[in-house]
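Basis for what follows: all heavy atoms, side chains included, without hydrogens, waters or symmetry-related copies.
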Number of protein chains: 2
Amino acid sequence: MTEQHLAQNTENSLESPTLARRTFDSIKSDIINGQLAQGTKIVESDLALKYGISRGPLREAIHRLEQIKLIVRIPHAGSRVITLDTKMMEDIYTARESLEGMAARLAARLMPEAEILALSELLDQHEASISETEGKAYFQREGDIDFHFRIAMASRNQWILENLNGELYQLIRMCRHQSGQFPARAQTALDQHRQIAAAVERRDEELAEILMRRHISGAWEIVKKILEDQND
Amino acid sequence: MTEQHLAQNTENSLESPTLARRTFDSIKSDIINGQLAQGTKIVESDLALKYGISRGPLREAIHRLEQIKLIVRIPHAGSRVITLDTKMMEDIYTARESLEGMAARLAARLMPEAEILALSELLDQHEASISETEGKAYFQREGDIDFHFRIAMASRNQWILENLNGELYQLIRMCRHQSGQFPARAQTALDQHRQIAAAVERRDEELAEILMRRHISGAWEIVKKILEDQND
DNA sequence: TACACTTTGATTGTTGACAATTTATGACTG
DNA sequence: CAGTCATAAATTGTCAACAATCAAAGTGTA
């Protein structure tokens, strides 16, 4: 277990100049893909040993993880990996609906033609990947996030971009991972993405926002059902 | 200068059990009300001395200040107090418009009657404070934030609440402070608040959201003018 | 004089030890 | 036997010293 983390560290050592940052990345992916289960108690000395570093940088990593809400922390009492419940996910999807709706509006106003073209090509790729023999569930997920990421980028709004990327998408990724495979909604999602892209291309801010909000609240309805079915 | 901070610390020592947290609060208010000017270089050892603590907890405070975007930080190069420019404030007001619009919608759906009543009484107080001889600019500002805070609370959405309180309002407070006194827009704002409250009372989600968004984008237009006038 | 290089100084990143606090354990008492 | 208090273990919070890194001052050369 130590070896894999060492490998990961040396692998990331180019992109993250600081030890705390690299550890943050490591723990983050460990949480997102479930290697650190929800509700796990975090003991600083144990984790420091596991990742082969001292408590100082580990502490910094934990604090950053707390800020993006992957870890819950109580002074003097310790910290645990977050446990996703339905209410929290609803809050997150609602906030995302609001923020990404605005992002779509801004994208319709500001996105350069070249980027719109590239977005359209991305959707073509997705179309192709759906036609291929399935099993590309993972690819579809990342493709979905990719589309939403580009809209967020196009908003040219730093605050919205950072919060979607840094916090909301992470939690949604985690939720998806824990909930296992999702139903084959890929075609529906792609159609909606196309409509949104079309609205952006027509510079129809109002429509772009409305469609994005519908798209996300629709996604939430499905996630919600899955979460509720799991609680049986 | 040391004395005031010591006083502040002992004052907060009941609510914040940890030294890092208290220092975080101290530096935060120092930044917001301008005692630490924008763009000031932050030197850890200096600040640690100034606040009478070690670099460890100070570092934690700085990291949290970075997360709420009051401090900008570059690895190995140090950190500075943020400098508010027009673009950043526009991003923040836009994000706020989106989030608080959603909050108003949720408030219209979920706010209990008792809270709506209390909200109405709050607005009565504001009305009274406006009638009084002026000079209550400070009070009006805090009153304004109070109203928006209650709507955010009523949304029952933890994520939205935390982000409005923890980050956006802080930056807006800071911007207001730096921009000096604002024009006497109190009556206009109060009227708009009343309309929003009325929409919430009627459980008209759509209208509540629209009115809130107009209210905030209107506020931004005014702030924007002031900021642009300052750049002469 | 301008430019590249080296070296020095200052500042951040990291570490391990120490202090303060909480939680768990167990004895004592009603 | 239940409940409460005191003690002990484990864990977090804090500190001061050490190592790594960056920015600037200074030196030498074309």
Side-chain angles (χ1 to χ4, degrees), chain A residues 2 5-6 8-28 31 36-37 39-67 70-83, chain B residues 2 5-6 8-28 31 36-37 39-67 70-83:
Chain A
T2 311
H5 288 126
L6 281 177
Q8 205 165 354
N9 283 348
T10 51
E11 178 181 301
N12 293 351
S13 55
L14 292 175
E15 31 195 8
S16 286
T18 171
L19 191 48
R21 200 69 71 95
R22 290 198 293 278
T23 309
F24 168 76
D25 291 334
S26 292
I27 302 181
K28 187 172 74 176
I31 290 180
L36 262 72
T40 304
K41 175 97 191 281
I42 301 273
V43 180
E44 295 181 358
S45 30
D46 291 2
L47 264 199
L49 200 68
K50 177 176 173 185
Y51 288 93
I53 61 174
S54 155
R55 269 184 60 210
L58 179 81
R59 225 144 184 294
E60 182 181 331
I62 289 181
H63 289 127
R64 292 194 53 190
L65 288 166
E66 183 197 7
Q67 285 297 326
L70 286 179
I71 279 184
V72 164
R73 181 178 178 71
I74 303 170
H76 293 284
S79 40
R80 325 186 76 93
V81 177
I82 199 175
T83 57
Chain B
T2 310
H5 288 125
L6 281 178
Q8 205 163 357
N9 283 349
T10 50
E11 177 181 300
N12 293 350
S13 56
L14 290 176
E15 32 195 7
S16 287
T18 170
L19 192 48
R21 200 67 71 94
R22 289 198 294 275
T23 309
F24 167 77
D25 291 334
S26 292
I27 302 181
K28 188 173 73 176
I31 290 179
L36 262 71
T40 304
K41 176 98 190 282
I42 301 273
V43 179
E44 295 181 357
S45 29
D46 291 2
L47 264 200
L49 201 67
K50 177 176 173 186
Y51 288 91
I53 61 173
S54 156
R55 271 185 58 212
L58 179 81
R59 233 154 176 296
E60 182 181 331
I62 289 181
H63 289 126
R64 292 194 54 191
L65 288 166
E66 184 196 7
Q67 285 296 327
L70 286 179
I71 279 185
V72 163
R73 182 179 177 67
I74 303 170
H76 293 286
S79 40
R80 323 186 78 93
V81 177
I82 200 177
T83 58

Exercise for review: Decide yes or no on side chain to side chain contact (heavy atoms under 4.5 Å, CB included) for B:Arg73 and B:His63, but give the supporting numbers first.
Suggested key: CA-CA 9 Å; B:Arg73 182 179 177 67; B:His63 289 126; 3.3 Å; yes
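With rounding to whole Å, A:Glu44 atom CD is found 5 Å from D:dT12 atom P. To the nearest angstrom, P of D:dT11 lies 6 Å from NZ of A:Lys41. One can place CZ of B:Arg21 at 15 Å from P of D:dT12, the figure rounded to the nearest angstrom. The CD atom of B:Glu60 sits 12 Å away from the P atom of D:dC15 (whole-angstrom rounding). The nearest whole Å value for the distance from the CG atom in A:Leu58 to the C1' atom in D:dT12 is 12 Å. Rounded to an integer number of Å, the gap from A:Ile53 CD1 to D:dA19 C1' is 16 Å. When the C1' atom of D:dT21 is taken as reference, atom CD1 of B:Ile74 falls 14 Å away, rounded to whole Å. Atom NE2 in B:His76 sits about 6 Å away from atom C1' in C:dG13, given to the nearest Å.
The line from CD1 of A:Ile42 to CD1 of A:Ile27 is 6.5 Å long, rounded to the nearest 0.5 Å. Put simply, CZ on A:Arg80 and CD1 on A:Ile74 are 8.5 Å apart, with the number rounded to the nearest 0.5 Å. A distance of 4.5 Å separates CD1 of A:Ile62 from OG of A:Ser79, quoted to the nearest 0.5 Å.
Contact annotation for A:Gly56: base contact, defined as any heavy-atom pair under 4.0 Å involving a base atom.
Under a 3.5 Å cut-off, the side chain of B:Thr23 and the backbone N or O of B:Leu19 do form a donor-acceptor pair.
For the OP1/OP2 pair of C:dG13 and a distance below 4.0 Å, the side-chain nitrogens and oxygens of B:Arg59 include at least one atom meeting the criterion. Distances shorter than 4.0 Å separate some side-chain N or O of B:Thr18 from OP1 or OP2 on D:dT14. The shortest distance between the side-chain N/O atoms of B:Arg73 and the OP1/OP2 oxygens of C:dG13 is below 4.0 Å.
Both A:Ala20 and A:Arg55 lie close to DNA chain C; mapped to their nearest nucleotides by heavy-atom distance, the more 5′-ward contact belongs to A:Ala20. Nearer to the 5' terminus of DNA chain C, by closest-nucleotide assignment, is the contact made by A:Ser54 (compared with the other of A:Pro75 and A:Ser54).
Side-chain proximity of B:Pro57 to D:dA23, D:dT14, D:dT12: nearest is D:dT14.
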